[in-house]
J.: 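I am attaching a structure below and will ask some questions about it afterwards.
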Amino acid sequence: MIKKIPVIDLKQHRAVSGKSGMRDTYKPLSTVFASSSNPVDIAQGLKLNGADEMYIADLDLIESVGHNINDVKMVNTILPVMFDGGVKNCEAFEFFLDYAFKIIIPTETLESIEEMEKIFEKYPKERIVVSVDVKNNELLSKNFDMTLSEFKEVLIRLDPNEIILLDITGVGTEKGYNKKLLEEFEDLKEKLIIAGGLNKDSLGELESLGIKKVLIGTSLHSGEVRLLD
């Protein structure tokens with residue numbers, strides 16, 4: 001059975017929801033797992049429903065307008081957290097290790113490939129997740145210019161345990177997975193965690209293609225998709 005890893009985004013100490021990465025329009029999250037948008041309440045609800053890990057993105061930290069890392073640390077005592085705090089370099093990665101179980105290296109914020117290489121040299125792969133951030137079918141990065149296929153070569157060389165394929169354009173839309181993107185990374189299928197716009201139908205398709213894990217937010221919190229179906 002495909003593993004569904006629940007997703008929440010944090011802004012000003014609350015879980016929020018929105019579409020296509022337009023972070024200034026995000027609203028408090030309404031979820032079947034809790035009566036509030038408090039991340040600790042949601043984590044407890046997820047655990048009661050069978051979750052054994054979850055993904056948290058700290059939007060304030062990523063946008064450099066504050067942080068929610070103490071909330072993340074609290075949640076990590078309930079469920080192991082896969083955390084996106086907008087890691088830029090090895091120093092930031094090391095700092096976040098005290099707050100969550102797995103730390104995400106996102107292409108969007110990473111300073112350079114050299115910094116990612118340093119992280120892989122210094123830390124166990126069990127605690128590293130690389131996020132391939134994609135917008136309009138191109139690699140999203142603020143700091144380096146690379147095609148998706150060039151970055152894939154770097155991944156093949158570093159050999160991470162887990163790679164998130166995040167189609168930012170699809171976030172919150174429930175339109176399904178990005179077929180073109182998945183085809184490009186077909187040879188890394190065993191390591192992939194698919195994210196962005198997933199709905200009930202796409203989960204069955206991905207499972208038939210051999211995908212083992214997905215990140216799922218909107219359709220899970222709405223109750224359309226069940227955690228352990």
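Computed from a predicted model, the values in this text were never measured in an experiment.
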J.: Hey, mind stepping through Val154 and Met116 against side-chain contact (heavy atoms from CB on, under 4.5 Å) and telling me if it holds?
T.: CA-CA 10 Å; Val154 174; Met116 185 161 73; 3.7 Å; yes

J.: Checking Tyr55 against Lys102 for the side-chain contact (heavy atoms from CB on, under 4.5 Å) test, could you report, in this order, the C-alpha distance in whole Å, the side-chain angles of both residues, the deciding distance, and whether it holds?
T.: CA-CA 9 Å; Tyr55 168 109; Lys102 296 175 184 173; over 6 Å; no

J.: Are there over 12 heavy-atom neighbours, none belonging to Glu138, within less than 6.0 Å of that residue's CD?
T.: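 Open.
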
J.: From Lys88 NZ over to Ser112 OG, what is the distance, rounded to the nearest 0.5 angstrom?
T.: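 Spacing of NZ (Lys88) from OG (Ser112) equals 13.0 Å.
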
J.: Heavy atoms, side chains only, cut-off 4.5 Å: are Leu165 and Ile193 in contact?
T.: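 They are not in contact (no side-chain heavy atoms under 4.5 Å apart), so the answer is no.
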
J.: For the CG atom of Leu182 and the CG atom of Leu209, what is their distance to the nearest 0.5 Å?
T.: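 It comes to 6.0 Å.
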
J.: Do Leu10 and Asp60 make a side-chain contact, defined as non-hydrogen atoms from C-beta onward lying under 4.5 Å apart?
T.: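 SC-SC contact between Leu10 and Asp60 ruled out.
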
J.: Is a side-chain donor or acceptor of Thr31 paired with a backbone partner of Ala34 at a separation under 3.5 angstrom?
T.: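 Checking the backbone N and O of Ala34 against the side chain of Thr31, no donor-acceptor pair under 3.5 Å is found.
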
J.: Do Ile211 and Val171 belong to the same hydrophobic cluster, where Ile, Leu, Val, Met, Phe, Trp and Tyr are linked whenever their side-chain heavy atoms lie under 4.5 Å apart, directly or via other members?
T.: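 No; Val171 is not reachable from Ile211 via cluster members.
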
J.: Minimum heavy-atom separation for Phe83 and Val72, please, with both atom names.
T.: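 What the structure gives for the nearest pair is CE1-CG2, 3.5 Å.
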
J.: Would you say that Ile103 contacts Ile119 through its side chain, given a criterion of any heavy-atom pair below 4.5 Å between the two side chains?
T.: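 A side-chain contact under 4.5 Å is absent here.
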
J.: Can Glu183 and Lys180 be counted as an ion pair, charged N to O under 4.0 angstrom?
T.: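 Between Lys180 and Glu183 there is no salt bridge, as every charged N stays at least 4.0 Å from the carboxylate O atoms.
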
J.: Between CG of Leu198 and CG of Leu206, what distance do you get to the nearest 0.5 Å?
T.: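 The distance works out to 6.0 Å.
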
J.: Ignoring hydrogens, what is the shortest heavy-atom contact between Met74 and Thr77? Give both atom names and the distance.
T.: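 Here Met74 and Thr77 meet closest at O-OG1, 2.5 Å.
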
J.: Is any side-chain N of the basic residue among Lys11 and Glu63 closer than 4.0 Å to the acidic one's carboxylate O?
T.: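 Here Lys11 does not pair with Glu63 in a salt bridge, since their nearest N and O are not under 4.0 Å apart.
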
J.: Has the side chain of Ser17 got a donor or acceptor atom that lies under 3.5 Å from a matching backbone atom of Leu29?
T.: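 A pair under 3.5 Å: no.
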
J.: Count I, L, V, M, F, W, Y as connected when their side-chain heavy atoms are under 4.5 Å apart, and connections chain through other members. Are Ile104 and Leu59 then in the same cluster?
T.: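 Looking at the clustering, Leu59 is in the same group as Ile104.
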
J.: Do Glu190 and Lys212 sit within salt-bridge range, that is, some charged N less than 4.0 Å from a carboxylate O?
T.: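 Salt bridge flag = yes for Lys212 with Glu190.
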
J.: At what distance, to the nearest 0.5 angstrom, does CZ of Phe96 lie from NE2 of His67?
T.: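 Nearest 0.5 Å value for the CZ-NE2 distance: 9.5 Å.
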
J.: Should the pair Lys118 and Phe120 be classed as cation-pi, given the thresholds of under 6.0 Å to the six-membered ring centre and 45° from the axis?
T.: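 Cation-pi check for Lys118 and Phe120: fails.
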
J.: Look at the rings of Phe33 and His221 and say which category their plane angle falls in: under 30° parallel, 30 to 60° tilted, over 60° perpendicular.
T.: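 Ring orientation of Phe33 relative to His221: perpendicular.
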
J.: State, yes or no, whether a side-chain contact exists between Asn136 and Thr169 at a heavy-atom distance under 4.5 Å.
T.: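 When only atoms from C-beta onward are counted, Thr169 and Asn136 do touch, with a gap below 4.5 Å.
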
J.: Using a 6.0 Å cut-off, check whether atom CG of Asp159 has over 12 heavy atoms from anything other than its own residue.
T.: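 Above 12, so yes.
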
J.: If you count every heavy atom of other residues, nucleotides or ligands that lies below 6.0 Å from Lys125 atom NZ, does the total exceed 12?
T.: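 More than 12 heavy atoms, drawn from other residues, nucleotides or ligands, come within 6.0 Å of this atom.
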
J.: Looking at Asp58, is its backbone amide N or carbonyl O close enough to the side chain of Asn68 to form a donor-acceptor pair, meaning the two atoms are under 3.5 Å apart?
T.: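 Answer holds: no.
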
J.: Could you check whether any side-chain heavy atom of Asp41 comes within less than 4.5 Å of a side-chain heavy atom of Ser35, counting everything from C-beta outward?
T.: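 Heavy-atom side-chain distance check fails, nothing below 4.5 Å.
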
J.: Please indicate whether Met146 has more than 12 foreign heavy atoms, meaning atoms of other residues, nucleotides or ligands, lying under 6.0 Å from its CE.
T.: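 Atom CE in Met146 is packed in, count exceeds 12.
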
J.: Within the distance-only criterion (no hydrogens, no angle test), does the side chain of Asn178 pair as donor or acceptor with the backbone N or O of Asp167 below 3.5 angstrom?
T.: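 No, Asn178 side chain to Asp167 backbone: no donor-acceptor pair under 3.5 Å.
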
J.: Quick check: does any side chain N or O of Lys213 sit under 3.5 Å from a backbone N or O of Ile5, one acting as donor and the other as acceptor?
T.: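 Not a single qualifying donor-acceptor pair exists.
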
J.: Test Val132 against every option in Leu192, Leu166, Leu148 by the side-chain contact (heavy atoms from CB on, under 4.5 Å) rule and name the one that passes.
T.: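 Running side-chain contact (heavy atoms from CB on, under 4.5 Å) over Leu192, Leu166, Leu148 with Val132 returns exactly one hit, Leu148.
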
J.: Quick check: closest heavy atoms across Phe101 and Arg127, and the distance to 0.1 Å?
T.: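 Here Phe101 and Arg127 meet closest at O-NE, 2.8 Å.
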
J.: Among the clusters formed by ILVMFWY side chains lying less than 4.5 Å apart, do Val134 and Ile216 turn up in the same one?
T.: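 Linked within one cluster.
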
J.: Rounded to the nearest 0.5 Å, what separation is found between the CD atom of Glu108 and the CG atom of Leu140?
T.: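 Separation between the atoms: 4.5 Å.
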
J.: Should Ile8 and Pro39 count as side-chain neighbours, where that means a heavy-atom distance under 4.5 Å?
T.: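 Heavy-atom side-chain distance check passes, below 4.5 Å.
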
J.: Let me check something: do Leu48 and Val7 share a hydrophobic cluster, defined by ILVMFWY side-chain heavy atoms less than 4.5 Å apart, either directly or through other members?
T.: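 No, separate clusters.
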
J.: Search all heavy atoms of Ile128 against all heavy atoms of Ile105 and return the closest pair with its distance.
T.: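 In this case the closest contact between Ile128 and Ile105 is CG2-CD1, 3.6 Å.
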
J.: For atom CD of Glu224, is the number of surrounding heavy atoms from other residues, nucleotides or ligands below 6.0 Å larger than 12?
T.: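 Check passes, neighbour count above 12.
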
J.: Using a 4.5 Å cut-off on heavy atoms from C-beta on, say whether the side chain of Glu150 contacts that of Leu139.
T.: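 Result no, sub-4.5 Å side-chain heavy-atom pair not found.
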
J.: How long is the gap from CD1 on Ile2 to CD1 on Ile194, to the nearest 0.5 Å?
T.: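 One finds 8.0 Å between CD1 of Ile2 and CD1 of Ile194.
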
J.: Around Lys175, counting heavy atoms of other residues, nucleotides and ligands shown, do more than 12 lie under 6.0 Å from its NZ?
T.: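 Above 12, so yes.
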
J.: Which heavy atom of Ser219 sits nearest to which heavy atom of Asn199, and what is that distance?
T.: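 Closest approach of Ser219 to Asn199, heavy atoms only: OG-CA, 4.2 Å.
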
J.: Looking only at heavy atoms, which two atoms of Tyr99 and Asn76 are closest? And how far apart?
T.: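 Closest approach of Tyr99 to Asn76, heavy atoms only: O-CB, 3.6 Å.
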
J.: So Arg14 and Asn38, do their side chains get closer than 4.5 Å, heavy atoms only?
T.: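 Heavy-atom side-chain distance check passes, below 4.5 Å.
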
J.: If only atom types and distance count, is the side chain of Asn143 paired as donor or acceptor with the main-chain N or O of Thr109 below 3.5 Å?
T.: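 Side chain of Asn143 to backbone of Thr109: a pair is present.
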
J.: When hydrophobic residues are tied together by side-chain contacts of less than 4.5 Å, even through go-betweens, does Ile113 share a cluster with Leu188?
T.: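 Both belong to a single hydrophobic cluster.
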
J.: With distance as the sole test, does Lys152 use its side chain to make a donor-acceptor pair with the main-chain N or O of Glu184 at under 3.5 Å?
T.: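 A pair under 3.5 Å: yes.
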
J.: Would the distance check show the side chain of Asn89 and the main-chain N or O of Glu115 forming a donor-acceptor pair, the cut-off being under 3.5 Å?
T.: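 Not confirmed, Asn89 side chain does not pair with Glu115 backbone.
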
